[in-house]
Amino acid sequence: MLGVLAAFHAIANARTSQGAIAWAVALIAMPYLTVIPYLFLGSSRFAGYVDARRLGNQRMRTQARDAHWAGHADDGGYAAAQLGTNAARAMTFLADMPFVAGNSVTLLVNGRATFDAIFDAIDKAEHYIAFQFFIVRDDPLGWTLRDKLIARAAAGVKIYFLYDGIGSYDLSRSYVASLREGGVDVREFSTRKFINRFQINFRNHRKIVVVDGLRAFIGGHNVGVEYLGEKPPLSPWRDTHIELRGPAVANVQFAFLEDWYWVTQRLPDFQVQPVVAAEVAERLAEKDETVAHDVRISDFDLDSDTAADEHFAAQSAASGTLRQTETHAQVTPLIRGPRPEPSPPIDTRLRDDDDIQRVVPLPPPVPPHEPRKPGYRPGAPNMRCQVIATGPADRQETASLFFVEAINSARHRIWITTPYFIPDEAVSAALRLAVMRGVDVRIMIPSRRDHFVVFEASMIHAHEALKAGIRIYRYRPGFLHQKVMLIDDRAASVGTANLDNRSFRLNFELIVLAVDRDFASKVEAMLAEDFAHCFEIDRTEYSSAPAWRRLTMTIARLFSPIL
């Protein structure tokens, strides 16, 4: 009886028909095995959450984000020239954030390069640190992080620490208590209402570090020694992070603000003291080799001359990248003006105007090859970046549609690396159509598994992709966890979203898309090195598997909508 009732609930509430069918069949056929899992995994709608989240975000954005956008013009014209006008328009609409210029992005290849850079930024923090991870371990890497954060808090730096309650289920109370005693504001991202208390969906899968509004770190790493490649049997761990500098850092920060506001119902104090313009220019012009790594990447030229960077950064600061004026040339707030007053409690009832979607206009396209500014060199802080924050409160299925539009914009090549390959129908169709257009479509996935059911479902999806002409590669050395996409030689993205339904619909994710040929060439070289450590699979991977294994794959596929 409970199975039948739960099946009706699944049919009425599932986001997709595939999910409804999968749960209904399983609940009726195997109620003793599926009723309890459905209690934890079945809901695709967060009761009371979507309304509160949307209204809270709208209020927070009105207070904080719009003031920042007023000072940074949308640079969608260049993105339109590179990706196509329709693609740039759709991505701007989906992200609800514009493409902005004046950025630099550094690839951080694997764990040591990533955490060396993050720890360096923490040590140099002067005003505040926003720190958010899905998994934080109470292990040697976690201890180093804890000690560094406590040391900066003792120096007067404001630290906001957000972790996911399910992802960090084994984080000890003593670890959290030591941070709080050290002056760190620690919060857990979790459900609030009793009806959702059993849910392990709607996880905050984002990994964000923002330091003083100057540097942001985003990518696939969590905080744990396994991400340094020091925990068999999955080591060596292959992952990628990026360090972002420039105006787009504020857009990453807004994603953190949304999550913090949901948890605490207040905005953190991200206001910093006025900074001398020359100091800002100097910080933006710090040496940036665009790739940091702890394993050798294929030889590609890295220009170490920073004189051009300094000239360009100073020129940008003077011409408006940081929106300086002659009357305020001596000081500028890095983020925004005076901190707004705390908001009143949120009214969770949707207003009529909340359902109106504003179409963000794009400026006229510009030629693909811009005249280069005096002193420009590859790697200078002039990248156009867009920050895409996705989650179950979105009106659209933002993550899935972003991948669809990115794949559709590819003219020659689309390379994707993901640890979990369980695409939905929209992404699968986009990949198949790209092959039909003559695009070189390659997907890199692990050869080792960390989740049995996910790996088995991924195998049958890989088999179906092969039949459509998509080339699938398995990474040999260790577990592949990076989430990277290369679009032609024009753009590349790095983020937290996997190519699976959980990232598309159930998790909060963050992606940074950089429209820049020089950065794309660095990503291409990195992925070419990874492909050199892969083997390409064919149909025999599935056909030669024993019958029991093929049956296991088929059963695992039934759970694709929640994997």
Side-chain angles (χ1 to χ4, degrees), residues 107 109-111 220 226-227 229 231-240 293-300 403 407 410 412-423 427-428 431-432 434-435 438-487 492 494 498-500 521-554 556-557 560 563:
L107 278 173
V109 181
N110 288 332
E226 65 265 38
Y227 295 89
K231 192 173 182 180
L234 297 179
S235 59
W237 191 277
R238 178 68 187 91
D239 219 329
T240 298
H293 51 81
D294 61 7
V295 295
R296 180 174 178 80
I297 301 299
S298 294
D299 295 332
F300 45 88
F403 279 105
I407 294 166
H412 310 291
R413 166 177 59 191
I414 186 82
W415 291 358
I416 301 174
T417 69
T418 177
Y420 313 118
F421 181 61
I422 309 176
V427 172
S428 294
L431 290 170
R432 293 195 299 269
V435 172
V439 175
D440 176 16
V441 182
R442 304 186 190 186
I443 310 291
M444 189 189 307
I445 56 178
S447 59
R448 303 188 194 181
R449 68 184 180 210
D450 64 336
H451 298 295
F452 177 77
V453 176
V454 177
F455 189 85
E456 296 301 299
S458 180
M459 284 188 68
I460 196 166
H461 280 283
H463 174 64
E464 292 181 349
L466 282 172
K467 293 190 294 184
I470 299 167
R471 303 177 70 180
I472 307 292
Y473 294 79
R474 290 200 180 275
Y475 185 75
R476 290 179 185 272
F479 186 67
L480 178 79
H481 193 253
Q482 65 176 333
K483 306 95 164 47
V484 177
M485 178 167 55
L486 176 65
I487 307 169
V494 178
N498 302 308
L499 218 65
D500 61 17
S521 71
K522 302 299 187 294
V523 173
E524 177 188 1
M526 178 186 73
L527 295 182
E529 177 76 7
D530 290 336
F531 278 119
H533 295 286
C534 293
F535 63 92
E536 186 172 1
I537 68 173
D538 55 30
R539 298 188 187 186
T540 60
E541 181 183 71
Y542 178 82
S543 62
S544 63
W548 68 266
R549 185 76 183 275
R550 293 198 299 272
L551 178 61
T552 301
M553 296 178 201
T554 303
R557 184 186 179 185
S560 292
L563 296 180

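The distance from atom CD1 of Ile472 to atom NE2 of His463, rounded to the nearest 0.5 Å, is 11.5 Å. Residue Leu486 holds its CG atom at 9.0 Å from CE of Met526, rounded to the nearest 0.5 Å. Atoms CG and CZ, from Asp530 and Arg238 in turn, are 4.0 Å apart once rounded to the nearest 0.5 Å. To the nearest 0.5 Å, atom CD1 of residue Ile443 and atom OH of residue Tyr473 are 11.0 Å apart. Residue Ile445 holds its CD1 atom at 12.0 Å from CD1 of Ile416, rounded to the nearest 0.5 Å. One finds the CD1 atom of Ile422 at 11.0 Å from the CD1 atom of Ile460 (value rounded to the nearest 0.5 Å).
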Full working for side chain to side chain contact (heavy atoms under 4.5 Å, CB included) between Phe531 and Met444: CA-CA 8 Å; Phe531 278 119; Met444 189 189 307; 3.6 Å; yes
Side chain to side chain contact (heavy atoms under 4.5 Å, CB included) between Asp440 and Ile414, intermediate numbers included: CA-CA 6 Å; Asp440 176 16; Ile414 186 82; over 6 Å; no
Evaluation steps, side chain to side chain contact (heavy atoms under 4.5 Å, CB included), between Arg413 and Glu524: CA-CA 11 Å; Arg413 166 177 59 191; Glu524 177 188 1; 3.1 Å; yes
Trace of the side chain to side chain contact (heavy atoms under 4.5 Å, CB included) decision for Leu527 with Gln482: CA-CA 11 Å; Leu527 295 182; Gln482 65 176 333; 4.1 Å; yes
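Across all their heavy atoms, Pro236 and Pro477 have their closest contact at CD-O, 3.3 Å. Contact detail for Ile537 and Leu466: the closest heavy-atom pair is O-CD2, 3.7 Å. Nearest heavy-atom pair, Ser235 versus Gly229, reported as atom, atom and distance to 0.1 Å: CB-O, 3.2 Å. Minimum interatomic distance between Val523 and Ala492 (heavy atoms only, all atoms of both residues): CG2-CB, 3.7 Å. Here the shortest heavy-atom pairing between Glu529 and His533 reads O-CD2, 3.1 Å.
Between Lys483 and Pro419, the closest side-chain pair of non-hydrogen atoms falls below 4.5 Å. Side chains of Ser447 and Tyr475 form no contact here, defined as non-hydrogen atoms less than 4.5 Å apart.
Side chain of Asn110 to main chain of Asp239: a donor-acceptor pair is present (N/O by atom type, distance under 3.5 Å, no hydrogens or angles). Of the possible polar contacts, none joining the His481 side chain to the Trp237 backbone as a donor-acceptor pair under 3.5 Å is found. Judged by distance alone, the side chain of Thr418 and the main-chain N or O of Asn498 form no donor-acceptor pair under 3.5 Å. The closest donor-acceptor contact from the side chain of Thr552 to the backbone of Trp548 lies under 3.5 Å. Between the Arg432 side chain and the Ile470 main chain, no donor and acceptor come within less than 3.5 Å of each other.
Below 30°, between 30° and 60°, or above 60°: for His451 and Tyr420 the angle between ring planes is between 30° and 60°, a tilted geometry.
Here the options are Arg550, Arg474, Arg549, the test is salt bridge (Lys or Arg N to Asp or Glu O under 4.0 Å), and the partner is Glu541; only Arg474 passes.
A salt bridge does not link Glu536 to Arg442: none of the charged nitrogens lies less than 4.0 Å from a carboxylate oxygen.
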